[in-house]
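Before any comments, here is the structure.
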Amino acid sequence: MVRSSDGCARLESSHINIMEQPVGALVSTEPAQFPTGIELHGQYTGLRRLDPSHATSFFKHLGGEENFWRWTYMMSSGFPNLEDCTQSIRKWAEKIDPFFYSVFDGPLSDPTSEPVGMMSFMAAVPDHRRIEIGSVILGGKLVKSRQATESFFLFIKHAIEDLGYQRVEWKANHLNAPSLAAATRLGFTFEGIFRKHMIIKGRRRDTAWFSITDDEWPAIKAGFEAWLDKDNFDDNGKQKRTLQQCRMPTEQSS
């Protein structure tokens, strides 16, 4: 893979069939697995399958008019009251695509940890080993936190290493600048814009597509691990190196 000046990936193929036509590399045809809902444990956070019992905490961190702005680019419009939140969480918890997880503000082993965000696996195609991370919304407690970064690390790692996917996708409204920046920071490669891709809440949505592939994952994983190391933070909890800086030496050598 090479990158052009616009940041998009350009693919090269050196495989030629017996008719002298360029073709893709041979790969395993063993399918990936659908998400199973196992708990994901980290140093600073954990993810657990979304459950109706999480509704009260969700409403506290993501509900009410003061949080409506967090839902602007989501498929839903937020929770005006606890009852509406409870009904939505109950409905979402039953789905298998999207397959929702709650993001906790501390390790799952800590009884004081509570769900303060949500993300999901969606658009899973096991035969082609691709899956999307979507429906991501995080309460203010997780913004620019180690917990947030680690939750994405755990999710991507689970998709590639445990479930067997070769491609993890990230799609976002092209006007959602924080989501676009997050994708780049986390190591996703920008692939382009799907124009007039969807109609959401009566509005046109052009969608930006990003991905991480399994062959890119070792370098990206090393960057996550270096950034999440406690030695990467000073006594005040401030990072010493950014995630991109932690990833850079590995990317340059790969």
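Note that the structure is a prediction, hence the values are computed from the model and not measured.
When every heavy atom of P107 is checked against every heavy atom of S113, the shortest pair comes out as O-OG, 2.8 Å. The heavy-atom pair separating A172 from S179 by the smallest distance is CB-OG, 3.3 Å. Here the shortest heavy-atom pairing between I16 and P22 reads CD1-CA, 3.8 Å. For the pair G237 and R146, the tightest heavy-atom approach, listed with the atom from each and the gap, is CA-NH2, 3.8 Å. A208 and F190 make their closest contact through CB-CE1, 4.1 Å (heavy atoms, listed as atom of the first residue, atom of the second, distance). A pairwise comparison of heavy atoms in W69 and T72 identifies O-OG1, 3.1 Å as the closest pair.
Residue pairs meeting the salt bridge (Lys or Arg N to Asp or Glu O under 4.0 Å) criterion with at least one partner in residues 120-137, sequence neighbours excluded, are E132-K171. Residue pairs meeting the salt bridge (Lys or Arg N to Asp or Glu O under 4.0 Å) criterion with at least one member in residues 31-43, sequence neighbours excluded: E39-R48. Residue pairs meeting the salt bridge (Lys or Arg N to Asp or Glu O under 4.0 Å) criterion with at least one member in residues 218-229, sequence neighbours excluded: E161-K221. Residue pairs meeting the salt bridge (Lys or Arg N to Asp or Glu O under 4.0 Å) criterion with at least one member in residues 84-109, sequence neighbours excluded, are D105-K141. Pairs engaging residues 18-37 under the side-chain hydrogen bond (donor to acceptor under 3.5 Å, both in side chains) rule: N17-Q21 [sequence neighbours left out].
Inter-residue side-chain proximity for Y165 and P126 is flagged as met; some heavy-atom pair is nearer than 4.5 Å. Side-chain contact between L180 and F210: present, with at least one pair of heavy atoms (C-beta onward) separated by less than 4.5 Å. Inter-residue side-chain proximity for I156 and F188 is flagged as met; some heavy-atom pair is nearer than 4.5 Å. No side-chain heavy atom of R205 sits less than 4.5 Å from a side-chain heavy atom of I199.
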Residues H174, H197; criterion side-chain contact (heavy atoms from CB on, under 4.5 Å); working and verdict: CA-CA 11 Å; H174 84 297; H197 179 225; over 6 Å; no
Verdict with reasoning, F68 to E65, per side-chain contact (heavy atoms from CB on, under 4.5 Å): CA-CA 5 Å; F68 278 0; E65 291 186 8; 3.8 Å; yes
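Annotation: ring-ring contact (aromatic ring centres under 6.0 Å, His included) contacts of F233 (sequence neighbours excluded): W227. For H54, the ring-ring contact (aromatic ring centres under 6.0 Å, His included) test picks out F104, with sequence neighbours left out. Legend: residues meeting side-chain hydrogen bond (donor to acceptor under 3.5 Å, both in side chains) with N81, ordered by chain and number and at least two apart, are absent. Legend: residues meeting ring-ring contact (aromatic ring centres under 6.0 Å, His included) with F152, ordered by chain and number and at least two apart, are W170. Taking R185 as the reference, nothing meets the salt bridge (Lys or Arg N to Asp or Glu O under 4.0 Å) condition, with sequence neighbours excluded.
A distance-only check finds no donor-acceptor pair linking the side chain of T86 to the backbone of A55 [under 3.5 Å]. Checked by atom type and distance alone, the side chain of N67 pairs as donor or acceptor with a backbone atom of G63 at under 3.5 Å. T207 contributes no side-chain N or O that, together with a main-chain N or O of F194, makes up a donor-acceptor pair within less than 3.5 Å. Using modelled atom types, no side-chain atom of T213 and backbone atom of Q166 make a donor-acceptor pair closer than 3.5 Å. Of the possible donor and acceptor atoms, one in the side chain of K240 sits under 3.5 Å from a partner among the backbone N and O of D231. At least one donor-acceptor pair under 3.5 Å links the side chain of K201 to the backbone N or O of S76.
In this structure, the separation between CE on M119 and CG on L47 is 6.0 Å, given to the nearest 0.5 Å. Atom CG of N232 and atom OG1 of T242 lie 8.5 Å apart (nearest 0.5 Å). Considering CD of Q244 and CG of L186, their distance stands at 8.5 Å, rounded to 0.5 Å. Put simply, CG on L142 and CD on E150 are 11.5 Å apart, with the number rounded to the nearest 0.5 Å. One finds the CG atom of L228 at 6.5 Å from the OG1 atom of T149 (value rounded to the nearest 0.5 Å). The CZ atom of R167 sits 11.5 Å away from atom CG of D214, with the distance rounded to the nearest 0.5 Å.
Heavy atoms from other residues, nucleotides or ligands lying under 6.0 Å from NE2 of H41 number more than 12. By the neighbour-count criterion of 12 heavy atoms within 6.0 Å, atom CD of E83 is sparsely surrounded, having that number or fewer from other residues, nucleotides or ligands.
Residues F121 and I96 share a single hydrophobic cluster, defined by chaining ILVMFWY side chains whose heavy atoms lie under 4.5 Å apart. Y44 and V143 end up in different hydrophobic clusters when Ile, Leu, Val, Met, Phe, Trp and Tyr side chains are linked at under 4.5 Å. Hydrophobic cluster membership is shared by V136 and F153, with clusters built from Ile, Leu, Val, Met, Phe, Trp and Tyr side chains linked at under 4.5 angstrom. Criterion: ILVMFWY side-chain heavy atoms under 4.5 Å apart, direct or through other members. Under it, V168 and I38 are part of a common hydrophobic cluster. Cluster annotation: I160 and V125 are assigned to distinct hydrophobic clusters (Ile/Leu/Val/Met/Phe/Trp/Tyr, side-chain heavy-atom contacts under 4.5 Å, transitive).
W71 belongs to a hydrophobic cluster whose remaining members, ordered by chain and number, are L50, F58, F59, L62, M74, F79, L82, I89, W92, F100, M118, I137; membership requires side-chain heavy atoms of ILVMFWY residues under 4.5 Å apart, directly or through intermediates. As a member of the Ile/Leu/Val/Met/Phe/Trp/Tyr network built from side-chain separations under 4.5 Å, M19 groups with I18.
Taking the six-membered ring where tryptophan is involved, the planes of W217 and F224 are tilted, since the angle between them lies from 30° to 60°.
Using a 4.0 Å cut-off between charged side-chain N and carboxylate O, R49 and D51 make no salt bridge.
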